[in-house]
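Order of appearance sets the numbers: ligands from 1, and atoms from 1 within every ligand.
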Amino acid sequence: MTIIDGKKIANDIKEEIASVVMKIKDNDGKVPHLAAILVGNDPASETYVASKEKSCKEVGFDSSVYNMPADTSEEELLKTVKFLNDDPEIDGFIVQLPLPKHIDENKVIQAINPAKDVDGFHPVNVGRMTIGLPSYVSATPNGIMELIKRSGIETSGKNCVVLGRSNIVGRPMSILMSMNNENANSTVTICHSKTKKIKEITSKADILIVAIGKPEFVTADMVKEGAVVIDVGIHRVESSTSKTGFRLIGDVKYDEVSAKASMITPVPGGVGPMTIVSLLMNTLKASKKEIYG
Ligand code: GUN
C-alpha cells in the first residue's frame, strides 16, 4: 500500500511556482496578487484565509485581505467585489464562504469577474470546465486531479465512484474524472444521501473519492481490494492521546481501509495541502492571463 503524500506534492508545486515568481521578478514583471474578502469572524474561515496569506508569502505572491464586519450589507459586499474586479493590481480574488445568512451567496459569486474568479465558483467557469474549455477549476477538485496525475494513478477506463455531490467538490470531481482526456477517461458514478445500496456501488470502485462530510463513513467492507482511495473529509475530534486534545480524521476509516487499498490519501497531509496550492496555481494562471487573455 502506498500513502499518497499530498504535503510533499504540494511543496513540490509551491517550489515550482516560487521559481516562476523569481523569474517574473528578475524580469521586472508583475508579481501575482491574490486578494480575499472575509466577512465576519468565523474561526474556520479566518484560519483558512490566514493560511492562504502564508502560502502566498511562501511563493512570493502579493496578497491582501479585505476584512468586513459580520453585519456588512449585501450591497457593501457587492461594491467591494466590483472594486476588486476593476483593480488592475489584483489578478484574482476569492470571497471566503460561508457568508452571513442575510447575504445571497449566489448573487455575490455571480458578481465576480470570471477572469478573476480563481476559486472557479462562477457559473461561467463551471460551465467552461464542464465542456472542456480552459477555466478556473475549484481548488479541491483541481488539487485532487493534480494529486492523481503526479502519483501516476491510471484513470482511463477505471470505475471511479465519487461520494458527495456538492458544487465545490463532488460534482466538479465527477465531471473532471469523466472528461475525454488522458488524465481522466474514467467511468464515473456519483453517490449521495439518497443513493440506495451504496456499499454495492463503492465496492466496485477502482478509484473511490470520498467527499461526503461524515467522519469515518467509509469502512473496509465498502472498498474493493487494491482500490485507490482519496479522502476529502476533515473533522476535528477530541483525543486524550494528543497534546492538543484533538486530532483530525477524514471521511474514511483510515486504519482498516488502508490495509485494503493500493493507494490512499492520509488525513491530514493528503488532499488538504493540495487545495491551497490549487488556488496559487489558478492565481498564477490569472496573472499570466492564460484563461481569458
Ligand atoms: N470555504 C471553504 N472552502 C472554500 C473555498 O475553497 N473557497 C472559498 N471562497 N470559501 C471556502
Name the atoms and distances for all side-chain donor-acceptor pairs under 3.5 Å in residues 130-138, with sequence neighbours left out.
from	atom 1	to	atom 2	distance (Å)
Thr130	OG1	Val126	O	2.7
Tyr136	OH	Ala115	O	3.3
Ser138	OG	Ile168	O	3.1

Please tabulate, one pair per line, all N/O donor-acceptor pairs under 3.5 Å involving side-chain atoms of residues 245-252, not counting sequence neighbours.
from	atom 1	to	atom 2	distance (Å)
Asp251	OD1	Lys214	N	3.3
Asp251	OD1	His235	NE2	2.6
Asp251	OD2	Ile212	N	2.9
Asp251	OD2	Gly213	N	2.8

- prompt: Is Tyr254 close to Asp231 at the side-chain level, that is, under 4.5 Å between some pair of heavy atoms?
  reply: no

query: How would you list, by chain and number, the residues with a heavy atom under 4.0 angstrom from ligand 1?
result: Tyr48, Ile94, Val95, Gln96, Leu97, Asp119, Phe121

statement: Under a side-chain separation threshold of 4.5 Å, the hydrophobic residues clustered together with Val65 are Leu38, Val49

message: Between Lys260 and Glu256, does any NZ, NE, NH1 or NH2 come within less than 4.0 Å of an OD or OE carboxylate oxygen?
response: no

field: Nearest non-hydrogen partners of Val21 and Gly60, listed with the distance
entry: CG1-O, 3.6 Å

